[in-house]
Amino acid sequence: MIKKKVLKIVQMIPYGKVASYGQVALMAGIPRGARMVGQILRNTEEDILAGMDDLPWWRVINNAGRISIKGTKYHTPLMQKEKLAAEGIEVKDDLTFDIEKYRFRPSPDQLGKMGLDDKFIDLMVEKFFI
DNA sequence: ATAATGACATGTT
DNA sequence: TAACATGCCATTA
């Protein structure tokens with residue numbers, strides 16, 4: 001299922017790094033599925049609270065380098081900001097920061113090990129200049 | 001089966 | 001820079 005794959009990718013984002021929704025989607029094999037990533041993370045809130053705290057949802061932001069959640073039952077933009085700050089990423093008051101400075105850029109090798117298809121690896125390289 | 005719904009991305013104004 | 005429009009596509013109703 002798409003959901004499982006996406007969650008797996010999100011779990012691979014290292015401490016102090018971030019990835020955009022579109023980037024996660026691409027790595028999960030859904031080149032244009034950015035919105036789905038957001039959907040999945042939102043629908044997974046309860047599972048996260050259920051104990052699975054190894055899902056770093058706060059490391060996923062939009063490609064403009066801006067926190068884009070509007071606030072849900074359990075998470076708020078401010079919470080995400082705090083989480084990022086705790087990892088050394090200072091988010092400005094307008095909820096933006098320099099994403100390129102912290103973007104998760106796995107090497108093609110790593111991507112291969114993640115079970116990613118060659119065509120997607122190529123797209124990653126082309127788009128994010130690995 | 002059809003249509004609406006997003007924690008998005010990009011190009012145009 | 002910021003607002004707007006259009007494209008996206010798995011889920012859900």
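Here is the naming used below: chain letters follow the sequence lines, and residue numbers restart at 1 for every chain.
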> Is the shortest side-chain N to carboxylate O distance from Lys127(A) to Asp122(A) below 4.0 Å?
Replying inline: no

> Nearest-Å distance, CD1 (Ile2(A)) to C1' (dC8(C))?
Replying inline: 13 Å

> Roughly, in whole Å, what's the span from CD in Gln39(A) to C1' in dC8(C)?
Replying inline: 11 Å

>> Rounded to whole Å, how long is the line connecting atom CG of Leu7(A) with atom C1' of dA7(B)?
In response: 14 Å

> What integer distance in Å separates Leu84(A):CG from dA7(B):P?
Replying inline: 18 Å

> Rounded to whole angstrom units, what separation is found between the CG atom of Asp94(A) and the P atom of dA2(C)?
Replying inline: 8 Å

>> Which residues pass the salt bridge (Lys or Arg N to Asp or Glu O under 4.0 Å) test with Lys5(A), not counting sequence neighbours?
In response: none

> Taking protein heavy atoms under 4.0 Å as touching, what does nucleotides 8-13 of chain B look like 5' to 3' if B marks base contact, S marks sugar-phosphate-only contact and - marks none?
Replying inline: BSS---

> With sequence neighbours excluded, what pairs up with Glu82(A) under the salt bridge (Lys or Arg N to Asp or Glu O under 4.0 Å) test?
Replying inline: none

> For DNA chain C, whose closest nucleotide is more 5', that of Pro31(A) or that of Asn43(A)?
Replying inline: Pro31(A)

> Same cluster for Ile69(A) and Ile99(A) if Ile/Leu/Val/Met/Phe/Trp/Tyr side chains link at under 4.5 Å?
Replying inline: yes

>> I'd like to check the side-chain contact (heavy atoms from CB on, under 4.5 Å) partners of Asp109(A); sequence neighbours left out, ordered by chain and number.
In response: Ser107(A)

> Is Arg32(A) touching bases, backbone alone, or none of the nucleic acid, heavy atoms closer than 4.0 Å?
Replying inline: sugar-phosphate

>> Expressed as a whole number of angstroms, how long is the span from Ile30(A):CD1 to dA10(C):C1'?
In response: 8 Å

> How close or far is atom P of dT11(C) from atom CZ of Arg42(A), stated in whole angstroms?
Replying inline: 13 Å

>> Can you list everything that forms a salt bridge (Lys or Arg N to Asp or Glu O under 4.0 Å) with Arg35(A)? Sequence neighbours excluded, please.
In response: none

>> Using the side-chain contact (heavy atoms from CB on, under 4.5 Å) criterion, which residues pair with Lys17(A)? Sequence neighbours excluded.
In response: Ile13(A), Pro14(A), Phe104(A)

> How close or far is atom C1' of dT5(B) from atom NZ of Lys70(A), stated in whole angstroms?
Replying inline: 12 Å

> What nucleic acid atoms does Met1(A) come within less than 4.0 Å of, heavy atoms only: base, sugar-phosphate, or nothing?
Replying inline: sugar-phosphate

